[in-house]
Amino acid sequence: MTTYVWDYLPEYEKEKDDILDAVGKVFASGRLVLGDSVKGFEEEFAAYHGTGRRCTGVDNGTNALKLALEALGVGPGDEVVTVSNTAAPTVVAIVSTGATPVFVDVREEDFLIDTDQVEAAITDRTKVLLPVHLYGQCADMEPLRVLAERHGLKLLEDCAQAHGARHHGRPAGTMGDAAAFSFYPTKVLGAYGDGGAVLTADEDTDRAMRQLRYYGMDQVYYVVRTPGHNSRLDEVQAEILRRKLTRLDAYVAGRNAVARRYEEGLADLTGPGGLRLPTTNPGNTHVYYVYVVRHPERDRIIEALKAHDIALNISYPWPCHTMTGFAHLGYAAGSLPVTEKLAGEIFSLPMYPSLPEAVQDRVITALREVVTAL
């Protein structure tokens, strides 16, 4: 049987009764759109992140970013500073508002936005700084907040990969003017379909979000206050997420246990020219959305592991600035050297909290064999 980087079935077997009960509760409720389950999840997800937060559930993580940008006032002619080593939806969301993404490079040691390069990328058209909390740990938020305040900018966190992560004690999603989350099934807090949410402590931003997700309407149906979208979180997914939110800390603990087993099993393969394991920055709590390692012979390793029925993933092999869909942005090859170097070396090992130890041990054994034979 082939081993993949993610599989929801072991978790589903453990949680099946609760998941099906959630579905049944919604179907029996008499309210299938923007009912008690969405309201309850919004309140509980906001409460998980501390007092004073407001949550708006939306239909997916891409629209969480797009609507958050719009709620923060971003539109045609504006610029948003972000990174290229991210899932394409980060950039798609920016472009879909009519704004222009401006890329800065990342740090080689942690794959996160190089905050030392951000100020040089700010122009008089910059509206938002958009750091990505990549792979499960937070970007360095303090210098970004200083820059945002100095230049009068908004700070939007991309938390699609960082549910439950913390930065100097603060949960991901509570350090900017707003934060966008995805609940795609692979996520640390994943639904059984698409879903997303935006967190903010600002009442006006929250009010704008609620209008934007519902055609631009306020409380009265058919009265549009501003052009909006149909981007509502589904009741079924919201009720499932309510149940899974109570287990989020346990999911994080499970992912950290898997990460420790990898570190113990692969530590002696590290060193100059060898395998490089992920690191956790001081003050960060890593949630290991994906377990990303590096090796200069990445492609040979992935190919060799196929003989062991192990199919690994690359997050992400093509930085956004190299994609044809973003060619109009004008970034030439070599313009983001660290990002481009990492894209040629990174690959992800299987990572999910219900990953059986026997399967993980098989991955470790096979990877050791392949790397040692290089």
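The figures that follow rest on heavy atoms only: side chains count, while hydrogens, waters and symmetry mates do not. Positions are given from 1, in the same order as the sequence printed here. Computed from a predicted model, the values in this text were never measured in an experiment.
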So do Glu142 and Asp140 actually touch side chain to side chain, heavy atoms under 4.5 Å? yes
Would the Tyr291 and Tyr262 ring centres measure less than 6.0 Å apart? yes
Check [X] against [Y] and note the closest heavy-atom contact, atom names and distance.
X	Y	value
Cys138	Ala165	SG-CB, 4.2 Å
Glu108	Arg294	OE2-NH2, 3.0 Å
Gln360	Val258	NE2-O, 2.7 Å
His321	Leu336	ND1-CD1, 3.5 Å
Asn281	Gln137	N-OE1, 3.1 Å
Cys55	Leu199	CB-CD2, 3.7 Å

Step by step, work out the side-chain hydrogen bond (donor to acceptor under 3.5 Å, both in side chains) result for Arg213 and Thr56. CA-CA 9 Å; Arg213 74 158 176 196; Thr56 302; 5.4 Å; no
Which residues pass the side chain to side chain contact (heavy atoms under 4.5 Å, CB included) test with Thr2, sequence neighbours left out? Tyr4, Asp309, Ala311
Residue list, side chain to side chain contact (heavy atoms under 4.5 Å, CB included) with Asp59, at least two apart or on another chain: Asn63, Ser231
Residue pairs, two or more places apart or on separate chains, that pass ring pair (Phe, Tyr, Trp, His ring centres under 6.0 Å) and touch residues 56-104: Phe103-Tyr331
Any ring pair (Phe, Tyr, Trp, His ring centres under 6.0 Å) pairs touching residues 27-61, not counting sequence neighbours? Phe41-Phe45, Phe41-Phe183, Phe45-His49, Phe45-Phe181, Phe45-Phe183, His49-Phe181
Under 4.5 Å between side-chain heavy atoms, chaining through other members, with only Ile, Leu, Val, Met, Phe, Trp and Tyr counted: pull out the rest of the cluster around Val58, sorted by chain and number. Leu67, Val198, Met209, Leu212
Sequence neighbours excluded and cut-off under 3.5 Å, please list the side-chain donor-acceptor pairs for residues 124-134, or say none.
unit_1	atom_1	unit_2	atom_2	d
Arg125	NE	Glu79	OE2	3.4
Arg125	NH1	Gly77	O	3.3
Arg125	NH2	Glu79	OE2	2.9
Thr126	OG1	Thr123	N	2.8
Thr126	OG1	Thr123	O	3.3
Lys127	NZ	Gly73	O	2.8
His133	ND1	Ala139	N	3.0
His133	NE2	Glu157	OE1	2.8

Apply side chain to side chain donor-acceptor pair (under 3.5 Å) to [X] and list each qualifying residue two or more places apart in sequence or on a separate chain.
X	answer
Thr339	Asp105
Asp299	none
Thr285	none
Tyr192	none

Distance-only donor-acceptor pairs under 3.5 Å for side chains of residues 346-359, two or more places apart:
unit_1	atom_1	unit_2	atom_2	d
Ser354	OG	Glu11	N	3.4

Please, which pairs that meet side-chain hydrogen bond (donor to acceptor under 3.5 Å, both in side chains) have at least one residue in residues 86-99, sequence neighbours excluded? Thr86-Thr90, Thr90-Asp158
In one Ile/Leu/Val/Met/Phe/Trp/Tyr side-chain cluster, 4.5 Å: Tyr8, Tyr184: no
